**Student:** 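Once you've had a glance at the structure underneath, I'll fire off some questions.
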Amino acid sequence: MVKEVIGEQGLTPLAVYGSGMGGAGFPTEVNDPYDLDAKHDLKVRVWPGGTTHKVLLENLGYHTAAVPFSELYTAMQTGVVDGQIGVTATITLENFADITKTWIQYNDHFESDFIFMNSDSFNNLSPEFQDAIREAAEQVSNEQFIAVEAADEASLQKMRDMGVTVVTYDKEQLEAIADRVRSQVWPEIKDELGDETYEALRSALNLN
């Protein structure tokens, strides 16, 4: 899908460059983070213009408020919102370390970039050079997936060392969260994704 979209911009995607798994950060404690049905008297920032995380958080018992990222630090500092979602632990350490008291590693999204090349330049290369570039991009991508997993773990440990309460989930718990979100949240954001994307996503995960 990305190939089709950015192909219209004259770009050829070569590989995914991972940046980490997302979670939620709070300047306060969070009650019962392992209970998916718990009600949290907390208002969490979501970005303006989208519904994906708004529906997700409300399903998990939070209130939400749309705040631009440029205003998020002040909003958390002054209590306009009680938390944030949409970034990784590493990005949280870079931007909100001094006001984060609780971090919940929901794995709610995967932060990623793409390695891509101008399509005209790529198409003008011989097949041998095209293959070499693809192989190099894939190698960098594979190495980064290993490196970013280690970076995520290092950031979580750094949070713990700073006194932040870090909530993580084991495989079974993450699968329970995923099952809930796919059955209860995805139908609510279907209109934003579009029918084609929604069905392709479900098909890719053998949910049809």
Side-chain angles (χ1 to χ4, degrees), residues 16-47 50-64 76 81-97 99-113 141-189 193 198 200-208:
V16 176
Y17 191 88
S19 300
M21 297 296 288
F26 304 84
T28 185
E29 295 296 321
V30 178
N31 66 295
D32 300 321
Y34 293 101
D35 182 359
L36 301 185
D37 294 314
K39 301 301 180 184
H40 310 289
D41 189 23
L42 298 171
K43 185 182 296 183
V44 184
R45 176 265 178 182
V46 294
W47 52 87
T51 63
T52 53
H53 274 75
K54 173 179 170 61
V55 177
L56 167 67
L57 288 167
E58 291 174 352
N59 183 276
L60 295 177
Y62 297 97
H63 306 291
T64 62
M76 290 177 63
V81 293
D82 305 302
Q84 54 90 8
I85 196 169
V87 298
T88 65
T90 300
I91 295 174
T92 293
L93 285 174
E94 294 170 349
N95 294 275
F96 312 107
I99 57 173
T100 298
K101 303 302 180 185
T102 303
W103 175 261
I104 303 180
Q105 188 62 51
Y106 280 121
N107 286 7
D108 52 275
H109 75 286
F110 183 66
E111 194 89 6
S112 62
D113 296 306
S141 175
N142 292 337
E143 292 173 353
Q144 177 61 12
F145 268 96
I146 296 172
V148 77
E149 183 176 6
D152 275 353
E153 289 300 323
S155 292
L156 294 179
Q157 186 56 51
K158 185 173 181 178
M159 284 183 172
R160 296 185 186 100
D161 295 341
M162 294 168 53
V164 175
T165 299
V166 176
V167 177
T168 59
Y169 301 92
D170 61 27
K171 182 178 180 180
E172 183 177 347
Q173 291 168 323
L174 285 172
E175 288 177 349
I177 295 173
D179 289 342
R180 179 191 180 107
V181 171
R182 290 166 182 169
S183 64
Q184 299 182 23
V185 175
W186 283 11
E188 296 297 316
I189 63 175
L193 296 176
Y198 180 74
L201 184 59
R202 289 181 56 83
S203 177
L205 293 169
N206 297 316
L207 297 177
N208 291 332

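Along the sequence shown, the residues carry numbers beginning at 1. Remember, it's a predicted structure, so these values are computed and weren't measured experimentally.
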**Student:** Considering residues, nucleotides and ligands other than E172, do more than 12 of their heavy atoms fall under 6.0 Å from its CD?
**Tutor:** no
**Student:** Can you list everything that forms a side-chain contact (heavy atoms from CB on, under 4.5 Å) with T88? Sequence neighbours excluded, please.
**Tutor:** T90, I91, E111
**Student:** Only counting residues at least two apart or in another chain, list the ones meeting ring pair (Phe, Tyr, Trp, His ring centres under 6.0 Å) with F145.
**Tutor:** F110
**Student:** With a cut-off of 6.0 Å (strictly less than), are more than 12 heavy atoms of other residues, nucleotides or ligands near CD of E149?
**Tutor:** no
**Student:** Please check if the side chain of D152 supplies one atom and the backbone of G20 the other of a donor-acceptor pair under 3.5 Å.
**Tutor:** no
**Student:** L36 and side-chain contact (heavy atoms from CB on, under 4.5 Å): which partner among L60, N59, V181?
**Tutor:** L60
**Student:** Checking V30 against V167 for the side chain to side chain contact (heavy atoms under 4.5 Å, CB included) test, could you report, in this order, the C-alpha distance in whole Å, the side-chain angles of both residues, the deciding distance, and whether it holds?
**Tutor:** CA-CA 10 Å; V30 178; V167 177; over 6 Å; no
**Student:** For V55, enumerate each residue passing the side-chain contact (heavy atoms from CB on, under 4.5 Å) test, keeping only those at least two apart in sequence or located in another chain.
**Tutor:** T51, V185, E188, I189
**Student:** Could you give the distance from CD (Q105) to CE (M159), rounded to the nearest 0.5 Å?
**Tutor:** 8.0 Å
**Student:** Would you give the length of the straight line joining atom NZ of K54 to atom CZ of R45, rounded to the nearest 0.5 angstrom?
**Tutor:** 13.5 Å
**Student:** For D179, enumerate each residue passing the side chain to side chain donor-acceptor pair (under 3.5 Å) test, keeping only those at least two apart in sequence or located in another chain.
**Tutor:** none
**Student:** Under 3.5 Å, side chain of Y34 to main-chain N/O of T168, donor-acceptor pair present?
**Tutor:** yes
**Student:** So, for G18 and V148, which heavy atoms are closest and what is the spacing to 0.1 Å?
**Tutor:** O-CG2, 3.8 Å
**Student:** Check whether more than 12 heavy atoms from other residues, nucleotides or ligands sit under 6.0 Å from atom CG of D41, and answer yes or no.
**Tutor:** no
**Student:** Under the salt bridge (charged side-chain N to carboxylate O under 4.0 Å, His left out) rule, collect the residues that match up with K43, sequence neighbours excluded.
**Tutor:** none
**Student:** Looking only at heavy atoms, which two atoms of S19 and D113 are closest? And how far apart?
**Tutor:** OG-OD2, 3.6 Å
**Student:** Keeping to residues at least two apart or across chains, list the salt bridge (Lys or Arg N to Asp or Glu O under 4.0 Å) pairs with something in residues 18-38.
**Tutor:** D37-R180
**Student:** Taking only residues two or more places apart in sequence or in another chain, which ones pass side-chain contact (heavy atoms from CB on, under 4.5 Å) with P27?
**Tutor:** M76
**Student:** Just jot down the ring pair (Phe, Tyr, Trp, His ring centres under 6.0 Å) partners of H53, sequence neighbours excluded, or say none.
**Tutor:** W47, H109
**Student:** Does any part of the side chain of D82, heavy atoms only, come nearer than 4.5 Å to the side chain of V44, both counted from C-beta?
**Tutor:** no
**Student:** Given side-chain hydrogen bond (donor to acceptor under 3.5 Å, both in side chains), test Q84 with T100 step by step and report yes or no.
**Tutor:** CA-CA 10 Å; Q84 54 90 8; T100 298; 5.2 Å; no
**Student:** Decide side chain to side chain contact (heavy atoms under 4.5 Å, CB included) for Y169 and I104; before the verdict, give the C-alpha distance in whole Å, the side-chain angles of both, and the deciding distance to 0.1 Å.
**Tutor:** CA-CA 9 Å; Y169 301 92; I104 303 180; 3.4 Å; yes
**Student:** On a heavy-atom basis, which atom in A38 and which in N31 lie closest, and how many Å separate them?
**Tutor:** CB-ND2, 4.4 Å
**Student:** Which residues satisfy the side chain to side chain donor-acceptor pair (under 3.5 Å) test with Y17, sequence neighbours excluded?
**Tutor:** Q144
**Student:** If I take atom CD1 from residue I85 and atom OG1 from residue T64, how far apart are they, to the nearest 0.5 angstrom?
**Tutor:** 10.5 Å
**Student:** Quick one: list whatever passes side-chain contact (heavy atoms from CB on, under 4.5 Å) with L207, sequence neighbours left out.
**Tutor:** R182, W186, R202, L205
**Student:** Ring pair (Phe, Tyr, Trp, His ring centres under 6.0 Å) with Y62: which residues, sequence neighbours excluded?
**Tutor:** F26, H40
**Student:** Nearest 0.5 Å please: distance from the OH atom of Y106 over to the CG atom of L56.
**Tutor:** 8.0 Å
**Student:** Go through the steps for W103 and T165 under the test side chain to side chain contact (heavy atoms under 4.5 Å, CB included), then give the verdict.
**Tutor:** CA-CA 6 Å; W103 175 261; T165 299; over 6 Å; no
**Student:** Report the C-alpha separation of V46 and L57 in whole Å, then their side-chain angles, then the decisive distance to 0.1 Å, and conclude whether the side chain to side chain contact (heavy atoms under 4.5 Å, CB included) test is met.
**Tutor:** CA-CA 9 Å; V46 294; L57 288 167; 3.6 Å; yes
**Student:** I'd like to check the salt bridge (charged side-chain N to carboxylate O under 4.0 Å, His left out) partners of D161; sequence neighbours left out, ordered by chain and number.
**Tutor:** none
